[in-house]
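Shown next, in structure tokens, is the structure this report addresses.
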Amino acid sequence: MNSLQDLHNTARSFQTTAKMPVLFVGHGSPMNALADNAFTQTLHQMGLDIRNRQPPRAVLVVSAHWLTRGSFVTVNERPETIHDFGGFPQELFAMQYPAPGAPDVAREVLQALPDAHPTDEWGLDHGTWTVLHHVFPEADIPVFQLSIDYHQPLTYHADLARQLRFLRRRGVLILGSGNIVHNLRQSMPKLMADDPTPYAWASEFDEWAKRKIDQRDLHALAHYQQAGASGPLAVPTPDHYIPLLYSLALAEPDDDIRHAYEAVEYGGLSMRTFVVG
């Protein structure tokens, strides 16, 4: 009985807001954190637009760089900035994103997802902070993360995301951070040669995904191998692809979908970024 009363009190304490948008960001290289280019300028403008419309109460991020067995939600008061990469300049390792955590909102997510677990053993990985550094450079909005249960089928992630739609009316901005096309093995020669031109198969898959996003065809996107030969090349592993499913599954019938940034770079890396709502 006490737990039911606690749930009621918690739910009552969160005021309903106008519906927040949902973002999907193709985050690309961690070096984008240091860059001033068309992509990072797009992220900055997105942040300004969101603040002008309705400043978020918190940001929930589903990042390609937090893969777990089971689902976890960060409850840290002060999440650390995780430098989960190697071989980059010291300037990048020195960067911090000192946003506060959102343990109150995290508890609400944990109530909605009874199989998820709280944790304070994760912070903000580079799929999160290298993006938010440009979207909300002041680091003044609370941020927390939901892990990707990497042992579940792709359809599972869309179903889980739908359970979080209520957060959009609780002032929470939800961000999926990954890359629709992400084949580092095929991209490495072009990266080494500083050749940004895309492979034909990468552009083909990116355009296929754009059509399916616009059609809100989550079934097709979850079965991306049906796109033809480009599918396995574009998505050799689904880690960077899965956040797309979260962002699109959070769309409601009256939401517009706007492609804020479109590019395939260095052979096989899609930077496609879109806004839902």
Side-chain angles (χ1 to χ4, degrees), residues 21-52 56 59 61-66 79-99 123-141 143 145 173-199 202-203 205-206 209-210 234 239-241 243-244 247 258-275:
V22 178
L23 309 181
F24 174 79
V25 175
H27 63 243
S29 167
M31 288 297 290
N32 279 315
L34 298 172
D36 180 7
N37 54 33
F39 170 67
T40 64
Q41 290 163 16
T42 296
L43 297 184
H44 182 68
Q45 187 60 52
M46 287 166 59
L48 292 175
D49 292 344
I50 291 166
R51 277 193 188 273
N52 289 336
V59 180
V61 182
V62 179
S63 166
H65 293 281
W66 192 21
E80 68 171 308
T81 303
I82 303 173
H83 299 87
D84 48 336
F85 43 68
F88 291 99
Q90 182 57 37
E91 184 182 3
L92 189 61
F93 287 94
M95 288 188 72
Q96 296 290 314
Y97 190 77
L124 306 179
D125 61 58
H126 83 264
T128 297
W129 65 264
T130 65
V131 172
L132 292 180
H133 168 71
H134 295 291
V135 179
F136 300 123
E138 298 86 354
D140 58 339
I141 297 174
V143 183
Q145 291 194 212
L173 175 70
I174 304 176
L175 162 65
S177 178
N179 293 99
I180 291 173
V181 180
H182 187 263
N183 190 325
L184 288 183
R185 181 184 294 273
Q186 294 283 341
S187 298
M188 196 56 66
K190 289 194 177 247
L191 282 164
M192 297 296 289
D194 196 27
D195 176 3
T197 57
Y199 294 119
S203 296
F205 187 83
D206 185 64
K210 179 184 180 180
D239 46 328
H240 277 69
Y241 186 79
L244 155 68
S247 295
R258 178 176 65 87
H259 295 269
Y261 191 80
E262 302 178 85
V264 179
E265 300 177 348
Y266 297 104
L269 189 64
S270 168
M271 302 298 292
R272 180 170 299 282
T273 294
F274 63 83
V275 182

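Numbers for residues simply follow the sequence, beginning at 1. Keep in mind that the numbers below use all heavy atoms, side chains included, and drop hydrogens, waters and symmetry copies.
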Next item on the list: Look up atom CG in Asn32 and atom NE2 in His134, then write down how far apart they are to the nearest 0.5 Å.
Entry: 6.5 Å
Margin query: Under a 3.5 Å distance rule, please check whether Thr130 uses its side chain to pair with a backbone N or O of Pro30 as donor and acceptor.
Written below: no
Margin query: Does His83 have more than 12 heavy atoms from other residues, nucleotides or ligands lying within 6.0 Å of its NE2?
Written below: yes
Check: Looking only at heavy atoms, which two atoms of Asp239 and Pro243 are closest? And how far apart?
Finding: O-CD, 3.3 Å
Item checked: side chain to side chain contact (heavy atoms under 4.5 Å, CB included) assessment of Tyr266 paired with Asp194 -> CA-CA 8 Å; Tyr266 297 104; Asp194 196 27; 3.3 Å; yes
Note to self: In terms of relative ring orientation, are His240 and His65 parallel, tilted or perpendicular, with 30° and 60° separating the classes?
What the structure shows: perpendicular
Notebook entry, point to check: Taking the six-membered ring of Tyr199, is the NZ or CZ of Lys190 close enough (under 6.0 Å from the centre) and on axis enough (within 45°)?
Noted result: yes
Item checked: Closest non-hydrogen atom pair between Val25 and Thr273, with its separation -> CA-OG1, 3.6 Å
Note to self: Treating Asn37 as the side-chain partner and Thr40 as the backbone partner, does any N or O pair qualify as donor plus acceptor under 3.5 Å?
What the structure shows: yes
Margin query: Please check this pair: side chain of His27 against backbone of Val131, looking for a donor-acceptor N/O pair closer than 3.5 Å.
Written below: no
Note to self: To the closest 0.5 Å, what do you measure between CD (Glu262) and OG (Ser203)?
What the structure shows: 11.5 Å
Notebook entry, point to check: Nearest 0.5 Å, what's the OG1-CD distance between Thr197 and Glu265?
Noted result: 11.0 Å
Check: Can you name the closest pair of heavy atoms from Phe136 and Arg51 and give their distance?
Finding: CD2-NE, 3.9 Å
Check: Can you check side chain to side chain contact (heavy atoms under 4.5 Å, CB included) on Leu132 and Leu175, steps first, answer last?
Finding: CA-CA 10 Å; Leu132 292 180; Leu175 162 65; 4.0 Å; yes
Note to self: Just verifying a value: how many Å separate Asn179 CG and Phe24 CZ, rounded to the nearest 0.5 Å?
What the structure shows: 6.5 Å
Check: How about Ser270 and Phe205: do any of their side-chain heavy atoms sit closer than 4.5 Å?
Finding: no
Next item on the list: State, to 0.1 Å, how close Leu269 and Gly28 come at their nearest heavy-atom pair, and which atoms those are.
Entry: CD2-CA, 4.1 Å
Notebook entry, point to check: Side chain of Asn183, backbone of Gln186: donor and acceptor closer than 3.5 Å?
Noted result: yes
Margin query: Check this for me: Glu138, atom CD, are more than 12 non-hydrogen atoms of other residues, nucleotides or ligands nearer than 6.0 Å?
Written below: yes
Notebook entry, point to check: Does Ile82 offer a backbone N or O that forms a donor-acceptor pair with the side chain of Trp129 under 3.5 Å?
Noted result: yes
Notebook entry, point to check: Has the side chain of Ser247 got a donor or acceptor atom that lies under 3.5 Å from a matching backbone atom of Leu244?
Noted result: no
Checklist line | Donor-acceptor contact below 3.5 Å, side chain Asp84 vs main chain His126 | finding: yes
Next item on the list: Answer yes or no: is there a side-chain heavy-atom contact under 4.5 Å between Trp66 and Val61?
Entry: no
Note to self: Checking the side chain of Ser177 only, and the main-chain atoms of Thr128 only, is there a donor and an acceptor separated by less than 3.5 Å?
What the structure shows: no
Next item on the list: Flag the pair Val135 / His44 as yes when at least one side-chain heavy-atom distance between them is below 4.5 Å, and no otherwise.
Entry: no
Margin query: Show the nearest heavy-atom pair for residues Gly127 and Ser63, with the distance to one decimal.
Written below: CA-OG, 3.6 Å
Item checked: Min side-chain heavy-atom separation Leu23-Ile50 under 4.5 Å -> yes
Notebook entry, point to check: Got a second to check how far His133's NE2 is from Met95's CE, nearest 0.5 Å?
Noted result: 3.5 Å
Check: What is the minimum heavy-atom distance between Gln145 and Leu124, and which atoms define it?
Finding: OE1-CA, 3.2 Å
